[in-house]
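Worksheet: the structure to be examined is printed underneath.
Computation of the quantities below employed the complete heavy-atom set of this structure, encompassing side-chain atoms and omitting hydrogens, waters and symmetry-equivalent molecules. Along the sequence shown, the residues carry numbers beginning at 1.
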Amino acid sequence: MTTTPTTATVTRAEYCVIACAEAWRDNGEVLASPMGLIPSFGARLAKRTFSPDLLLTDGEAMLVGLDGTAEGWLPYRRHLTMVTGGRRHVMMGASQIDRFGNQNISCIGDWERPARQLLGVRGAPVNTLNNPVSYWIPKHSTRVFVERVDLVSGVGYDRAEAAGVTRFHHLPRVVSDLGVFDFGGPGHAMRLVSVHPGVTVGEVRAATGFELTVAEEVPYTREPTPDELRLIREVIDPEGLRAREVRG
């Protein structure tokens with residue numbers, strides 16, 4: 001007999017899935033491009049519940065349904081058309097991110113002699129200048145949330161405005177294992193929107209390397225519905241892989 005999950009048993013990872021899913025609320029028929037385990041679970045949850053028009057892919061060349069069955073072909077030229085026309089919402093990771101949303105996934109340290117080589121800039125500039133981009137950060141710390149990124153891969157609000165390339169530039173939200181953020185602060189500075197249950201505003205501030213915009217009252221990340229919990233636990237991630245990315 002299956003019992004209905006209660007909110008008292010919701011894990012931190014499940015709050016993160018919910019928070020990621022909310023990034024695609026009211027997006028309509030756009031291509032979801034989640035990069036990472038929990039963002040992928042969030043996109044699938046959004047499509048199964050409040051964003052049924054969302055388009056999912058197999059990560060390569062096919063549009064797929066909820067069960068993974070191929071529903072259509074997505075050739076590279078069509079994919080590029082969606083990217084450059086604002087018809088895709090990406091959720092990328094970030095090795096570093098600053099208060100205005102500039103993201104680094106390329107290197108740590110000076111460009112001439114980096115202390116660590118990472119993925120490289122990849123498609124981050126094109127993503128951020130041509131379609132909505134949100135971010136997922138599984139371990140919130142001052143090493144990731146920094147005053148200034150070492151190299152700009154994804155373009156933030158300050159640089160997009162300075163370059164006059166804001167037509168499709170939009171960073172809806174940042175989700176970490178501590179809370180949810182947007183860029184509704186002064187001058188599009190990062191703002192704390194909610195903390196996950198069990199987390200305090202003080203903990204978020206201490207783990208952030210710049211001054212966050214914080215309202216007087218910061219709510220908790222919303223509770224999942226019983227049906228959303230059932231979908232996460234029994235349909236989307238029955239193996240519990242989410243707990244490997246976010247513990248506690």
Side-chain angles (χ1 to χ4, degrees), residues 7 10 13-57 59 63-66 71-72 74 78-79 81-94 97 101 103 126-137 154-157 160 166-176 179-185 188-196 213 215 217-232 235-237 242:
T7 55
V10 180
E14 288 163 346
Y15 281 114
C16 290
V17 172
I18 289 294
C20 287
E22 285 289 341
W24 285 285
R25 183 180 286 276
D26 299 325
N27 276 197
E29 193 177 31
V30 304
L31 184 65
S33 294
M35 300 178 186
L37 194 64
I38 283 183
S40 177
F41 294 157
R44 290 160 62 187
L45 179 65
K47 183 172 177 61
R48 286 182 178 273
T49 53
F50 50 76
S51 293
D53 294 331
L54 205 61
L55 302 176
L56 303 178
T57 76
L63 292 171
V64 297
L66 290 170
E71 294 185 339
L74 188 66
R78 183 181 172 195
H79 185 270
T81 299
M82 299 181 79
V83 171
T84 57
R87 300 299 298 169
R88 183 174 73 146
H89 185 167
V90 184
M91 183 169 279
M92 293 195 292
I97 190 168
Q103 169 243 33
V126 174
N127 288 342
T128 49
L129 294 179
N130 288 282
N131 46 242
V133 173
S134 292
Y135 291 104
W136 160 243
I137 299 167
V155 181
Y157 278 99
T166 60
R167 182 181 179 187
F168 293 119
H169 181 268
H170 180 43
L171 309 178
R173 69 170 42 195
V174 177
V175 180
S176 81
V180 181
F181 311 81
D182 66 12
F183 293 91
H188 289 295
M190 192 181 295
R191 178 179 64 176
L192 178 61
V193 174
S194 71
V195 292
H196 304 321
T213 299
E217 296 291 333
V218 177
Y220 286 121
T221 302
R222 79 163 176 88
E223 297 289 337
T225 67
D227 188 54
E228 286 172 332
L229 275 182
R230 180 190 64 79
L231 287 170
I232 292 170
V235 179
I236 296 172
D237 181 30
R242 59 195 178 278

Separation between CZ (Phe168) and CG (Asn131), nearest 0.5 Å, reads 9.5 Å
d(Ile97 CD1, Met190 CE) to nearest 0.5 Å is 4.5 Å
Closest heavy-atom pair, Ser176 versus Cys16, reported as atoms and distance to 0.1 Å, is O-SG, 3.8 Å
Q. Backbone N or O of Trp24 within a donor-acceptor pair of the Ser51 side chain at under 3.5 Å?
A. yes
With Val193 as partner, the option from Asp182, Thr213, Thr221 fulfilling side chain to side chain contact (heavy atoms under 4.5 Å, CB included) is Asp182
d(Met92 CE, Ser134 OG) to nearest 0.5 Å is 9.5 Å
Quiz item: Does any donor atom in the side chain of Asn127 or Arg88 lie under 3.5 Å from an acceptor atom in the other side chain?
Solution: yes
For Asn27 and Val30, the nearest pair of non-hydrogen atoms, with its separation, is O-CG1, 3.4 Å
All heavy atoms of Gly156 vs all of Leu171, minimum pair found to be CA-CD1, 4.3 Å
Where the side chain of Arg173 meets the backbone of Ala19, is there a donor-acceptor pair that is under 3.5 Å apart?
-> yes
task = Tell me whether the centres of the aromatic rings in His169 and Tyr157 are closer together than 6.0 Å.
result = yes
Only residue of Asp227, Ile236, Ile232 satisfying side chain to side chain contact (heavy atoms under 4.5 Å, CB included) with Arg48 is Ile236
Taken to the nearest 0.5 Å, the spacing of Leu231 CG from Arg44 CZ works out to 10.5 Å
Residues Cys20 and Trp136: closest non-hydrogen pair is SG-CE3, 4.0 Å
Just by distance, do the side chain of Asp237 and the backbone of Arg242 share a donor-acceptor pair under 3.5 Å? yes
Tell me whether Tyr220 at atom OH has more than 12 heavy atoms from other residues, nucleotides or ligands lying less than 6.0 Å away. no
* Tyr15 and Val10: side-chain contact (heavy atoms from CB on, under 4.5 Å), yes or no, with the steps? -> CA-CA 7 Å; Tyr15 281 114; Val10 180; 3.4 Å; yes
For Phe50 and Arg25, the nearest pair of non-hydrogen atoms, with its separation, is CD2-NH2, 3.3 Å
request  = Determine, for Glu22 against Arg222, whether the closest basic-nitrogen to carboxylate-oxygen distance falls under 4.0 angstrom.
outcome  = yes
Worked check of side-chain contact (heavy atoms from CB on, under 4.5 Å) between Val180 and His196: CA-CA 8 Å; Val180 181; His196 304 321; 4.0 Å; yes
- Message: Any donor-acceptor pair under 3.5 Å linking the side-chain atoms of His89 with those of Ser33?
- Response: no
Rounded to the nearest 0.5 Å, the CZ atom of Phe183 sits from the NE2 atom of His170 at a distance of 10.5 Å
Discussion item. Checking the side chain of Thr49 only, and the main-chain atoms of Leu45 only, is there a donor and an acceptor separated by less than 3.5 Å?
Written reply: yes
Taking every heavy atom of Ala43 against every heavy atom of Leu54, the minimum-distance pair comes out as O-CD2, 3.8 Å
Q. Can any side-chain N or O of Gln103 pair as donor or acceptor with the backbone N or O of Gly93 at less than 3.5 Å?
A. yes
